[in-house]
Amino acid sequence: MEPLYRKYPIFIENSLTGKKEIFLPVSDGRVGMYVCGPTVYSDVHLGNARTFTSYDFMFRYFKHLGYQVRYVRNITDAGHLENDADEGEDKIAKKARIEQLEPMEIVQRYTVDFHEVMEKINALPPSIEPTATGHIVEQIQMIKTIIENGWAYQSNGSVYFDVENYNTKGGDYGVLSGRKLEDLQSGSRALDGQEEKKNAADFALWKKASPEHIMRWPSPWSEGFPGWHLECSAMSTKYLGEQFDIHGGGMDLKFPHHECEIAQNVASSGHKGAKYWLHTNMLTLNGKRMSKSTGNAILPKELFTGQNPLLSKGFNPSTVRFFMMQAHYSSILDFSDDALMAAEKGHDKLLGAIETLSKLQPSESSTYNVQDWVDRCYIALSDNFNSPILISHLFEAVKFINSCTDLSIGLSKGDLQLLTEKMNCFAFDVLGLRKEESSDSHKEALNKAMDLVIELRAKARDNKDWDTADIIRKQLTEAGIQLKDGADGTSYTL
RNA sequence: GGUUCCGUGGCCGAGUGGCUAGGCAAUGGUUUGCAAAACCAUGUACAGCGGUUCGAAUCCGCUCGGAACCUCCA
């Protein structure tokens, strides 16, 4: 059978070219995707979660189309300095010092936290999740190559990438971010400790550790640690090759992080690394990006429990995911309690309709063009992963499903099967929504109890004892159970 | 200051030259013992001002407002 990716080829907005391009993988039928993961020095906030949810959605769609995907998402556990003037303390080491813990205790704690959040939001684990400290050897090797190729220089035990030399000899530092070297140099401030560099735009590949720096490894140049940008180049090359398909990350990493990565890749192998560079946009709070350092952030666990002054209540992770998927990954998304409330209603309506669909009986013939709908859904997804458009199509189907109580409309057996399969597929497999899970035994007990209550109330209603019927309904509503009196009996939702 | 991007109806949010995106809210209706849910109907929305065009929310220019990056952040 022909794979779905042939029928619905993907078009991707490529940051490298600024154009929407057809996706043609390096190796037919396979996708290699690298995404810059978190620096594990504090709890991930909701903005971080948005980025990884966006890439998880793409990962899921690639797999759904039949691609064999290798998804690499790293954990930065060393080398990420407090500022990028290549000075300042390592983020992990600083936290370790403040909390009087081993750096690896910090790394472990926040890696676990990150995984918990990812699991809650239903993000699939990546194929490989490499760490910077686990790839010191590869990073040192890459630095050696870059030095041999003449693009880096040593200075006082540290090694810097020679940006000016790189660009003079045909490199195009600035290609991704649209920056010109002259602008960068004139725009740079004079910072302390820059005297080791030939030019302000140069960036560290290896830093000599100061005496108090606790995270350090031996190298040909000094006892020290790798520069932040290097880990991604080294690990993407190791696991995906010198030329692979997709490199993603948050918009804020476009410059300098990804710009530097490209330069390192070219300097060591002659290739830029990924063919398609993707950037997901920021999640804002009060119109400003969420950020750990400024404190303008909300944590996923606060959102799930409702324990934050900005929230009227807690929201389940699937609702949060739905909220994110209603916006395109490349747009700024503004967070608010109102927006979450609206998303929750929509999310529940969508899942409710999928439940209704599972109980629908086939008709003689169809009054809805399911195949056309399926095509439109795929076309939306393949058009730069347009989840909002997909969702609008899903709601078109929701409207149809909810109209099926009218006997003049319905679906043939084949169409019913197709719609059921695709609705479930798009909502759960691709968008990654998840039904509120409750344990089966509890559910069964509740169902039995509810059947009893509904039956007793039905008797009251038969006797036109509306007072009793209404009291039952009212009290159940207060307990969080909503009764719905339909033509074919009473049902309930939590 | 430099480099990008954005400004869509009460709110969120797609679209990017002609064809009502969608969700939430609101109003009216159908249904129902009453509700709820659902369905149907209802919005002269594209920051402002010019220009290009037969036609612009969509392209161009200017103005105003906001954001990201240029120092760490997804």
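Predicted model only: the values in this text are computed from it and were never measured. Sequence lines set the chain letters: A, B, ... in the order given, protein chains first and strands last, and positions in each chain run from 1.
- In this model, the phosphate group of G15(B) is approached by a side-chain N or O of Asn386(A) to a distance below 4.0 Å at OP1 or OP2.
- Spacing between atom NE2 of His257(A) and atom P of C70(B) amounts to 13 Å, rounded to whole angstrom units.
- Atom CE of Met251(A) and atom P of A68(B) are 12 Å apart (whole Å).
- Taking the 5.5 Å centre cut-off and the 30° plane limit, the aromatic side chain of Trp466(A) is classed as stacked on G33(B).
- Of all nucleotides present, only C54(B) satisfies the Watson-Crick or G-U wobble test against G18(B), with each distance under 3.5 Å.
- Geometrically, Arg179(A) engages Phe255(A) in a cation-pi contact defined by less than 6.0 Å to the ring centre and at most 45° from the axis.
- Counting only heavy atoms from C-beta on, Ala339(A) has its side chain closest to C12(B) among A38(B), C12(B), A74(B).
- Within 3.5 Å, a donor on the side chain of Arg473(A) pairs with an acceptor on the base of C34(B), or the reverse.
- Here, G1(B) and C24(B) have their C1' atoms 42 Å apart, quoted to the whole Å.
- Residue contacts for Ser177(A): at a heavy-atom cut-off of 4.0 Å it reaches the sugar-phosphate backbone alone, with no base atom in range.
- Contact of Asp470(A) with G33(B) (side chain to base): a donor-acceptor pair of N or O atoms is detected under 3.5 Å.
- Side chain of His328(A), nearest nucleotide from C69(B), A14(B), G23(B): A14(B).
- Only the C1' atoms considered, C39(B) is 41 Å distant from C59(B), to the nearest whole Å.
- The shortest distance between the side-chain N/O atoms of Lys254(A) and the OP1/OP2 oxygens of U3(B) is not below 4.0 Å.
- Within 4.0 Å of Met341(A), counting heavy atoms only, lies no atom of the nucleic acid at all.
- Counting non-hydrogen atoms under 4.0 angstrom, Lys345(A) reaches the backbone sugars and phosphates but no base.
- One interatomic measurement links the two molecules: CD of Glu13(A) to P of U16(B), which rounds to 11 Å at whole-angstrom precision.
- Aromatic ring centres of Phe161(A) and Tyr166(A) lie closer together than 6.0 Å.
- Pairing for U27(B) is with A41(B), a Watson-Crick or G-U wobble pair whose two hydrogen-bonding atom distances lie under 3.5 Å.
- Spacing of P atoms, G13(B) relative to U71(B), comes out at 29 Å, to the nearest Å.
- Between Asn48(A) and A74(B) there is a side-chain N or O to OP1 or OP2 distance below 4.0 Å.
- Within the nucleic acid shown, His45(A) comes within 4.0 Å of at least one base atom, counting heavy atoms only.
- Note on Gly178(A): only backbone sugar-phosphate atoms sit closer than 4.0 angstrom, heavy atoms only; bases stay farther off.
- For A67(B), the OP1/OP2 oxygens have a side-chain nitrogen or oxygen of Lys288(A) closer than 4.0 Å.
- The P atoms of U53(B) and U63(B) are separated by 23 Å, rounded to the nearest whole Å.
- Nearer to the 5' terminus of RNA chain B, by closest-nucleotide assignment, is the contact made by Asp338(A) (compared with the other of Thr405(A) and Asp338(A)).
- Checking G13(B), C39(B), A14(B) against the side-chain heavy atoms of Asp334(A) singles out G13(B) as nearest.
- With rounding to whole Å, Asn281(A) atom CG is found 10 Å from C6(B) atom P.
- At whole-Å resolution of the value, CG in Asn296(A) and P in A67(B) are 12 Å apart.
- Distance Arg179(A) CZ to A68(B) P: 14 Å, rounded to the nearest Å.
- Ser331(A) has no side-chain polar atom (N or O) that falls below the 4.0 Å cut-off from OP1 or OP2 of C6(B).
- For G43(B) and G22(B), the P atoms lie 13 Å apart once the distance is rounded to whole Å.
- Across all strands shown, A67(B) forms a Watson-Crick or G-U wobble pair, both distances under 3.5 Å, with U4(B).
- The gap from the P atom of C11(B) to that of G7(B) amounts to 15 Å, rounded to the nearest Å.
- The CG-C1' distance, from Leu333(A) to A67(B), rounds to 14 Å in whole Å.
- G10(B) and C46(B) are spaced 10 Å apart, taking the P atom of each and rounding to whole Å.
- Within 4.0 Å of Ser293(A), counting heavy atoms only, lies at least one base atom of the nucleic acid.
- To the nearest 0.5 Å, the span separating CG on Asn48(A) from CG on Leu283(A) amounts to 10.0 Å.
- Distance from the side chain of Phe255(A) is smallest to C69(B) among A74(B), G33(B), C69(B).
- Summarising the geometry of Ala397(A) relative to Met423(A), their closest heavy-atom pair is CB-SD, 4.0 Å, with the distance given to 0.1 Å.
- Residues Phe426(A) and Tyr378(A) bring their aromatic ring centres within 6.0 Å.
- Side chains of Thr319(A) and Glu344(A): no donor on one and acceptor on the other come within 3.5 Å.
- Taking a 6.0 Å sphere around NZ of Lys254(A), one finds it holds more than 12 heavy atoms contributed by other residues, nucleotides or ligands.
- Each of Asp467(A) and Arg289(A) lies near RNA chain B, and the nucleotide nearest Asp467(A) is the one positioned closer to the 5' end.
- If you take atom P in G48(B) and the same atom in G9(B), they sit 10 Å apart, rounded to whole Å.
- The residue Leu283(A) sits close to a base: some heavy atom pair falls under 4.0 Å.
- Counting distance only, with no hydrogens placed and no angle test, the side-chain atoms of Asp485(A) and the base atoms of C34(B) include a donor-acceptor pair under 3.5 Å.
- Each of G33(B), A14(B), G23(B) was ranked by its minimum atom distance to the side chain of Ala327(A); first place goes to A14(B).
- Atom OH in Tyr329(A) sits about 15 Å away from atom C1' in A14(B), given to the nearest Å.
- Note that Lys435(A) lies in the cation-pi zone of Phe428(A), set by a 6.0 Å cut-off to the ring centre and a 45° limit from the axis.
- Relative orientation of the Tyr71(A) and Phe59(A) rings is tilted, given thresholds of 30° and 60° on the angle between their planes.
- Residue contacts shown for Lys399(A) are limited to sugar-phosphate atoms, with no base heavy atom under 4.0 Å away.
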